[in-house]
2 protein chains.
Amino acid sequence: MREAASLTAVSLLALLPVLSILLGGVNVVHGVEELQDYYTYKTEWYENLVDHFGFAINSTFKQRYLINDTHWDSQHGGPIFLYAGNEGDSEAFAQNTGFMWDIAPEFNALIIFIEHRYYGKSLPFGKDSLKPDPKMNGYLTSEQALADYARFVTEFKSTRKGAKDSPVIVFGGSYGGMLAAWMRIKYPHIVNGAIAGSAPVAQFDTPCLNFGRIVTSDYSFYSKSCSGVISMSWAAIDQVGKDDKGLQRLQSLLKLCSKPKSVEPLKSFLTDVWTNVAMMNYPYPTEFLMPLPGNPVKYICRKMSPTTVPTDPVAILKYVYEGLNVYANYSGKAKCIDMGNADQIGADMWDYQSCTEMVMPFCYNNVDDMFEKSDWNFTTYAQGCQERWKVTPRPKMADIMYGSKKLKAASNIIFSNGLLDPWSSGGIMKSISDSVVSIIIPEGAHHLDLRGSNPNDPVSVIHARKLERSFIRKWIQGAQHEASRVYTTLWL
Amino acid sequence: MREAASLTAVSLLALLPVLSILLGGVNVVHGVEELQDYYTYKTEWYENLVDHFGFAINSTFKQRYLINDTHWDSQHGGPIFLYAGNEGDSEAFAQNTGFMWDIAPEFNALIIFIEHRYYGKSLPFGKDSLKPDPKMNGYLTSEQALADYARFVTEFKSTRKGAKDSPVIVFGGSYGGMLAAWMRIKYPHIVNGAIAGSAPVAQFDTPCLNFGRIVTSDYSFYSKSCSGVISMSWAAIDQVGKDDKGLQRLQSLLKLCSKPKSVEPLKSFLTDVWTNVAMMNYPYPTEFLMPLPGNPVKYICRKMSPTTVPTDPVAILKYVYEGLNVYANYSGKAKCIDMGNADQIGADMWDYQSCTEMVMPFCYNNVDDMFEKSDWNFTTYAQGCQERWKVTPRPKMADIMYGSKKLKAASNIIFSNGLLDPWSSGGIMKSISDSVVSIIIPEGAHHLDLRGSNPNDPVSVIHARKLERSFIRKWIQGAQHEASRVYTTLWL
């Protein structure tokens, strides 16, 4: 599935030229030079176990983590803010989770970004880790990643001066948000609370149509004709690209750098583009896969909203080009549109994860959504996984391990979701208890709340961050002194 | 360590000739014939994964479970009582956990005893599972066992008619009690509550002297000279058995079937004997490794409590023989005492578990306890593990995974402990919250509460079982209807 390619690709947005930090009413504006020093950290390494759950192998690997103690009060048990690394290079996360950096001074917190095994520089078997060989890849699971973090935190606290009594708050966005929530669920004796931004923990058993519907609604909200153009484009591509000459015509119409081998990769590319834009629908300009304007869906739709959606395929594709060109060439510097532009955060192994444990069903019907009709077929999906990775997916694994929405026994987790974000389809959208709380950010795209504050932030995300800070404070206080309440052992 | 041999060897006591079932004031007395039909079950098999946490291997194995639906209300979501199998044959547990059978009618419950991987007939790689080869043994961990149970319950509920909405209560004694508690901690979306009898979840970081002190106090409580004889016996054995002729003399004094090769195996055997008797210190006759009288410590001490403990080694060993002979030959039928009498429940792989994850430190000083002075030396311990199993123990693993006593975030667990039981040294002896409750049974030996009711039960265990039933009822009711309280999602 295309969406399975990477949950958080889009979370790794580059720095803004000017960042406004709004904290407790204090509005600090950093200039460009200051920003370059804002996300500073040391790189350290921890020798972790390849298999935490068994003894068939006894290998270890060097796991990278980035650490900043600028604001840490190591004299009085200042807290540890731990980012639960996602599917990508940890530096990208350190530089794109401004919320943690913004609030570290307020809490006198130590900041740590730990890198997820099999990503970035944390490769259990070096480059062999990435080859499609179950003996090499087989230890890439969320359970092993969480155990990495659990063991790391335990050892760190017992060896680092001043950290012994530090409460630990875990943060994460997208898949990292799932890990943050699950970390609190599985290791509550190690982490005191979790901020899980846009974490689709229930994506495994969410109706497969839901994701595409939300992407579509982002476009329809601007205009029905904008989503209408996209909706009609699949048939238009098929019609135009039915032979080699037609594929040439598609290249020319969409100004592609090379002629597509068939219509399939082109349609796949466009599905990714429209989805990525919806995920990245932030209210200010950002850069990641591509530089994008603020409110990019609106920006794109403005260019592809005819009064009446044409029926002529070539006319439709001319509108598609207008939108695509924003995504692929906002800078205006590209001479053609490169379909082969893969992710740049090193999320390659996410495809393996989605072929093993992270089996999230997606489907489209071109009626409730603007995408080409495509059923969810697990058999076909599993065949592809066998071909690419020599593994058989376990579609029930994550729900057995983590319980999807059945989180009544959990505590100290905030699940935040933006309604612009298609991943909210698998999010916790209702509070489950007093301490497993759902925060909805109506104007939010993919974990906007975890980004650094910005003058263009909607009020809702400012409130979300305030609430998150108040919960964090409560969790830290709860950890710092034992509950005064006395419970009675029952002597019989 | 000797005590590491098997936590629950002693829990598998054979049936009593007459069993009194005390339930809600109703006192039912079963005759011998009835009892033979009391523990009846069908044997079924479930195909489980060898590795739940990774994809390096994709093997499965047949896991045995025993099931009884005599009292199950499958029409109205009657609960499932699941026994979390320990280190041994599941049939032994089914026949020695009378509490579950006694209360099943009251709750209209389905009873399931699932067998722990690598024990009984649930061998992932057949007989190769037991060979000292990490590739074969490496999947024997508590985490894998819990995941076995989690996957089994999930699949069972989704496929067995009537089980879909059944609440699940998990029971276990000793290591099985640890598994029961950890099952609720790690998989609260799958099990609704846990009765953890004599579960030493904190044994990994308990001071190593504590266990032996409790064994000793059981003997000292009868008389100081009883524990005094044992305390002096180690030097006496060394003194007598210093050469081959002396070993022959030891054989003759203690009526051993064969001459010990050195004093070490004899001292090890005796340490096990005195410890086992303390664990099995039930108020009525039981049978397991050996037939034993009721209150066996008292019975034995009556035979080895001289007015003054003699200094002559031979005189001491004559008393030792008197006590040993009760344990080894209560029936009076044995012609000699067999030191090679290993456990009969198939707990062989516990030694492997204690050499990997279940690293419980034990030590003795012969001052605070009656055992031979013996330090806890992890290096030596680890060397032995390497020699026997080719593995390196991970002494911090269990605490990282499960948190020892740090269970504030847990819920719906009863930890019951008897004060006669040396394993209470690693138990939860204080309630941790309103729903993680400690029950102390002053007159209780090793998980007495999980045994069937008996006319000789002390009042404390009758009360303990009543309390446990009331918690079970509460957990089931909690599972059957969603909390009426409405939690507010925070829309911002």
Side-chain angles (χ1 to χ4, degrees), chain A residues 51-58 134-135 137-141 143-144 147 150-151 154 186-190 356 391-392 394 396-397 399-404 406-412 429-434 437-442 459-461 463-464 467 483 487-492, chain B residues 49 51-58 134-135 137-141 143-144 147 150-151 154 186-190 356 391-392 396-397 399-404 406-412 429-434 437-442 459-461 463-464 467 483 487-492:
Chain A
D51 185 3
H52 293 273
F53 301 100
F55 292 78
I57 64 166
N58 202 24
K135 293 271 169 284
N137 319 138
Y139 305 93
L140 170 50
T141 61
E143 291 77 16
Q144 297 281 9
R151 189 169 180 268
T154 304
K186 293 290 187 188
Y187 300 95
H189 52 288
I190 294 176
T356 45
V391 290
T392 303
R394 296 181 194 157
K396 294 176 189 170
M397 178 172 171
D399 281 356
I400 291 175
M401 287 292 169
Y402 304 114
S404 186
K406 294 182 195 159
L407 303 178
K408 281 207 292 187
S411 59
N412 295 12
M429 305 297 279
K430 285 184 196 167
S431 290
I432 286 167
S433 67
D434 273 348
V437 172
S438 168
I439 295 181
I440 305 293
I441 306 164
V459 171
S460 60
V461 82
H463 281 306
L467 254 172
Y487 296 94
T488 315
T489 300
L490 303 164
W491 282 73
L492 300 173
Chain B
L49 291 171
D51 186 3
H52 293 274
F53 300 100
F55 292 78
I57 63 165
N58 202 25
K135 293 270 169 288
N137 319 137
Y139 306 93
L140 170 51
T141 61
E143 291 76 17
Q144 296 282 9
R151 189 168 181 268
T154 304
K186 293 291 188 188
Y187 300 95
H189 53 288
I190 294 176
T356 46
V391 290
T392 304
K396 294 177 189 169
M397 178 172 171
D399 280 355
I400 291 174
M401 287 290 167
Y402 304 115
S404 187
K406 294 182 194 158
L407 303 178
K408 281 208 293 187
S411 59
N412 295 12
M429 305 297 280
K430 285 184 194 166
S431 290
I432 286 166
S433 67
D434 274 345
V437 172
S438 168
I439 296 181
I440 306 293
I441 306 164
V459 171
S460 60
V461 82
H463 280 308
L467 254 171
Y487 296 96
T488 315
T489 300
L490 303 164
W491 283 74
L492 300 171

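When reading the values below, keep in mind they use all heavy atoms of this one structure, side chains included, and skip hydrogens, waters and symmetry mates. Residue numbers start from 1 in every chain, and the chains themselves are labelled A, B, ... in the order their sequence lines are given, proteins ahead of strands.
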With a 4.5 angstrom heavy-atom cut-off, is it the side chain or the backbone of B:Leu49 that approaches chain A, or both, or neither? side chain
Validation row: A:Leu407, B:His189 side chains within 4.5 angstrom (heavy atoms): no
Note: vs chain B, highest number of non-hydrogen pairs under 4.5 angstrom among A:His463, A:Met401, A:Lys430 is A:Met401
Identify which part of A:Asn412 has an atom lying under 4.5 Å from any heavy atom of chain B, answering side chain, backbone, both or neither. neither
Face-on cation placement of B:Lys186 at A:Tyr187 ring, 6.0 Å and 45° thresholds: yes
At a heavy-atom distance under 4.5 Å, which candidate from B:Pro134, B:Ala147, B:Ser431, B:Ala150 has the highest pair count against chain A? B:Ser431
For chain B, find which of A:Met397, A:Glu143, A:Gln144 contributes the most heavy-atom pairs closer than 4.5 angstrom. A:Met397
I'd like to verify something: which residue of A:Leu467, A:Ile57, A:Asn58, A:Thr356 has the highest number of heavy-atom pairs under 4.5 Å with chain B? A:Thr356
Smallest heavy-atom separation, B:Val437 atom then B:Asp434 atom, equals CG2-O, 3.4 Å
CG-CG distance between B:Asp51 and A:Asp51, expressed to the nearest 0.5 angstrom: 6.5 Å
If you compare all heavy atoms of B:Met429 against all heavy atoms of B:Ile440, which two are closest, and at what distance to 0.1 Å? CE-CD1, 3.5 Å
Shortest non-hydrogen contact from A:Ile190 toward B:Ile400: CD1-O, 3.5 Å
Side chain from CB out, backbone as N, CA, C, O: work out which of these in A:Ser433 comes under 4.5 Å of a heavy atom of chain B, or both, or neither. both
Where does B:Ser404 contact chain A at under 4.5 Å (heavy atoms): side chain, backbone, both or neither? neither
With a 4.5 angstrom heavy-atom cut-off, is it the side chain or the backbone of A:Ala410 that approaches chain B, or both, or neither? neither
Residue A:Asn137 versus chain B: region with a heavy atom under 4.5 Å: neither
For the candidates A:Ser438, A:Gly54, A:Pro188, A:Ala409, which exhibits the highest count of non-hydrogen atom pairs separated by less than 4.5 Å from chain B? A:Ser438
Please examine the side chains of B:His52 and A:Phe53, heavy atoms only from C-beta on, and report whether any two atoms are closer than 4.5 Å. no
